[in-house]
Enquirer: 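Before I ask anything, let me first share the structure, which is written out below as structure tokens.
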Amino acid sequence: MKSKIVKYTIFLVIIAITITGIFTSALARYFYKYEVQNSIENTAVLLVHQINEENSQNKSVDYDKLAKSYAKLLNEKPSAIESFSFFTRITIINFDGTVLGESDSNLNEMQNHLNRKEVKEAIEGKMGTDERFSQTLKVTYLYVALPIKESDIIVRVSIPLYQLNSINKAFFFYTIIGILVGLMLTILISFKLSKVITDPIRQLINTSKEIAGGNYKKRVNINSKDEIGQLAHTFNGMADKLDETLSGIMDKNVRVDTVINSMRDGIIAVDTEYKILLINTIACDIFGVKHGPGIIGKNLIQITRNAKVNSILIDTIKNNHPLTDEIMMFSPLKNTDNIYKIYTNPIKNTDIIKSVNSGGVITLHDVTSVKKLEQIRTEFVSNVTHELKTPLTSIRGFVETLKSGAIEDTAVATKFLDIIDIEAERLHTLINDILQLSEIEVMRKDDNIKENNLGNIIDEVILILDAAAQKKGVKLEVEADENIIMLVNKNRIKQMLINLVDNAIKYNVENGTVHIRASKASGKTMISIRDTGIGISEKHHSRIFERFYRVDKGRSRNMGGTGLGLSIVKHIVNLYNGDIRVISKAGQGTEFIIQLPL
């Protein structure tokens, strides 16, 4: 911009000085010619007067001598410029064009002047004037001719316009000098002026670039009160508004991002071309894509790669109505099949007149756990019904048999009554386990807690189960640190250990071993029950803590198990904010490791 200002300023100055020189030169030429013409008109008038005087006295006039003497008198005046070779020239011409007298040339060599413009005008009775270039003298002459009608002669006075060339040369010279001086001054002034103009503009440009680059706190420091100062003030005001607006937008975006990313449901918003406008981390996890700025603007259909999800969303956007569906999708994050409830809604257009929408929103709600709980509840009811039905059917059958006459046979009656007692005990145990499990499930916190020594609780468990272990030839080994004091409900921990040790005995091999170990580590109590039994295949590890889940249903039921023992253990561990895990392989024994806070 600075170079443009300098170029345009120089160009304007050159034009201005040139035009001024041309007009000034033309004006000088005009006044010079006016003065010269006025002078020679006076000369012609005087000469006419003199000729008339001499003619009135009837004197014989020698026109050639008169022209020469009169011209000599005029050219010898003190004001004459010595550098000019010819000055005032006087010619006396007859009306027929014959030259009667000539001051500067030989009279006999002169041509007829009848065709000259000034001569023609003089013959017509007017003062004739003309300006033309003399090929003989190579100079422009100004001619004035006055008629003397009484004598039919014309007095013509001419003068060479030498000074016009001098005037032109002088004006050309001074115009060039003026241009050069003007250029020098113009360059200095224009550089100063351009600096005054462009520096604030450059500052505005640099500041606007920084603001465009993200530095919204940058401002222009211009204190002038002219238009540029007003522009700077307006620019700073605009920057303040922009900063305030962007801060508000960013704050709102942060809040929106925080809210949607804190939700447990996947949320995705797309435009009418199915390009992502908004997506939260849960939705990215569901479809196995990385959450970040690069995800915005991508095509959702290419990301989901799920025909049913895409079909529902396309239907919602095209037909402008909400839809609901339920689908099963593979979760890359969890590496499992999850069930999702899908809700799609069109995004309303800001222009209420238009019936079309601006895109769609899809919400994915994970109902896997709900479906699983429903399945568990259904299985629980089915299993409880089955578990209750089997002993009740057995009891009713034996009772009918006894009522039919078998009671008369003492040996048979005693055998049937023993079976009825066993089945009744089985029912009692099952109902007791169900009640205990229900009680633990509804508890948020165990209120009946005291300080108890874990070693003493283990000793009581060993005392209870020692007979069952000896009966199967299983050796119980205990390794416990001293003085492990826990703030717990003794009966809960005792029941947990009984269930685990009892399972370790039941599913152990003949003459096997059950190793019980208790220790303190990292502020937690570690309890390990490891056996040398039949083990559990890895495919069952994720389900062994479910109600009524049995790895070997027939064998487990024959051993008197209800299928609720490990579920009770799991709930007791959760009641104390602990953790339980299993390490086992088929045929290699099983180890349950429990971590409880001290």
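Please read all numbers here as calculations on a predicted model, not as lab measurements.
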Enquirer: Rounded to the nearest 0.5 Å, how far does CD1 of Ile568 lie from CZ of Phe545?
Expert: 13.0 Å
Enquirer: Are Asp325 and Lys308 ion-paired here, with the side-chain N under 4.0 Å from a carboxylate O?
Expert: yes
Enquirer: Between OG of Ser247 and CG of Leu242, what distance do you get to the nearest 0.5 Å?
Expert: 9.0 Å
Enquirer: Would you say the side chain of Ile493 lies within less than 4.5 Å of the side chain of Met496, judging by non-hydrogen atoms?
Expert: yes
Enquirer: Mind checking whether Glu460 and Lys494 have side chains closer than 4.5 Å, heavy atoms only?
Expert: yes
Enquirer: Which heavy-atom pair separates Ile498 from Ile464 by the least distance, and what is that distance?
Expert: CD1-CD1, 4.0 Å
Enquirer: Using a 4.5 Å cut-off on heavy atoms from C-beta on, say whether the side chain of Tyr576 contacts that of Arg492.
Expert: yes
Enquirer: Could you tell me if the side chain of His515 sits less than 4.5 Å from the side chain of Arg517, heavy atoms only?
Expert: yes
Enquirer: Run Asp579 and Lys524 through side-chain contact (heavy atoms from CB on, under 4.5 Å) and show every step you take.
Expert: CA-CA 11 Å; Asp579 179 66; Lys524 294 183 179 180; over 6 Å; no
Enquirer: In Å, rounded to the nearest 0.5 Å, how long is the span from OH of Tyr340 to CD1 of Ile327?
Expert: 9.0 Å
Enquirer: For the side chain of His291 and the backbone of Ile279, is there at least one donor-acceptor N/O pair under 3.5 Å apart?
Expert: yes
Enquirer: Against Asn508, only a single residue in Asn503, Asp531, Thr532 fulfils side chain to side chain donor-acceptor pair (under 3.5 Å); can you say which?
Expert: Thr532
Enquirer: Could you tell me whether a side-chain N or O of Asn299 sits under 3.5 Å from a main-chain N or O of Ile301, the two making a donor and an acceptor?
Expert: yes
Enquirer: Could you report the tightest heavy-atom contact between Ala269 and Ile347, atom names first, then the distance?
Expert: CB-CD1, 4.4 Å
Enquirer: Do Lys570 and Ile580 make a side-chain contact, defined as non-hydrogen atoms from C-beta onward lying under 4.5 Å apart?
Expert: yes
Enquirer: Looking only at heavy atoms, which two atoms of Asn357 and Pro346 are closest? And how far apart?
Expert: ND2-CB, 3.9 Å
Enquirer: Which atom names give the shortest non-hydrogen contact between Tyr274 and Ile317, and what distance separates them?
Expert: CE2-CD1, 3.4 Å
Enquirer: Quick one: does His571's side chain have a donor or acceptor within less than 3.5 Å of a partner on Leu566's backbone?
Expert: no
Enquirer: Could you go step by step and tell me if Ile484 and Asp481 meet the side-chain contact (heavy atoms from CB on, under 4.5 Å) rule?
Expert: CA-CA 7 Å; Ile484 302 177; Asp481 294 348; 3.8 Å; yes
Enquirer: Are Val270 and Leu277 close enough that some pair of their side-chain heavy atoms sits under 4.5 Å apart?
Expert: no
Enquirer: Is there a side-chain contact between Glu538 and Lys585, using heavy atoms and a 4.5 Å cut-off?
Expert: yes
Enquirer: Taking Thr590 as the fixed residue, which of Ile536, Ile544, Ile583 is the one that meets the side chain to side chain contact (heavy atoms under 4.5 Å, CB included) rule?
Expert: Ile536
Enquirer: Write down the atom of Gly266, the atom of Asn280, and the distance for their closest heavy-atom approach.
Expert: CA-OD1, 3.6 Å
Enquirer: If you measure from CG on Leu497 to CD1 on Ile594, what distance do you get to the nearest 0.5 Å?
Expert: 6.5 Å
Enquirer: Set out, in order, the CA-CA distance, both residues' side-chain angles and the distance that settles side-chain contact (heavy atoms from CB on, under 4.5 Å) for Thr525 and Met486, then state yes or no.
Expert: CA-CA 8 Å; Thr525 301; Met486 301 178 64; 4.0 Å; yes
Enquirer: Please walk me through it: do Glu591 and Ser528 pass side-chain hydrogen bond (donor to acceptor under 3.5 Å, both in side chains)?
Expert: CA-CA 7 Å; Glu591 181 180 12; Ser528 169; 2.6 Å; yes
Enquirer: Does any non-hydrogen side-chain atom of Met329 lie less than 4.5 Å from one of Asn306?
Expert: yes
Enquirer: Taking all atoms of both residues into account, what is the closest heavy-atom pair of Ile449 and Asn489, and its distance?
Expert: CG2-N, 3.6 Å
Enquirer: Quick one: CD on Glu244 to CD1 on Ile249, what's the gap to the nearest 0.5 Å?
Expert: 11.0 Å
Enquirer: Short question: side chain of Ser311, backbone of Ala307 - any donor-acceptor pair under 3.5 Å?
Expert: no
Enquirer: I'd like to know if the side chain of Thr344 and the backbone of Thr316 have a donor-acceptor N/O pair within less than 3.5 Å.
Expert: no
Enquirer: About how many Å separate CD1 of Ile458 and CD1 of Ile527, when rounded to the nearest 0.5 Å?
Expert: 6.0 Å
Enquirer: When you look at Lys290 and Ile295, which way does the side-chain contact (heavy atoms from CB on, under 4.5 Å) test go after all the steps?
Expert: CA-CA 8 Å; Lys290 186 178 179 182; Ile295 194 71; over 6 Å; no
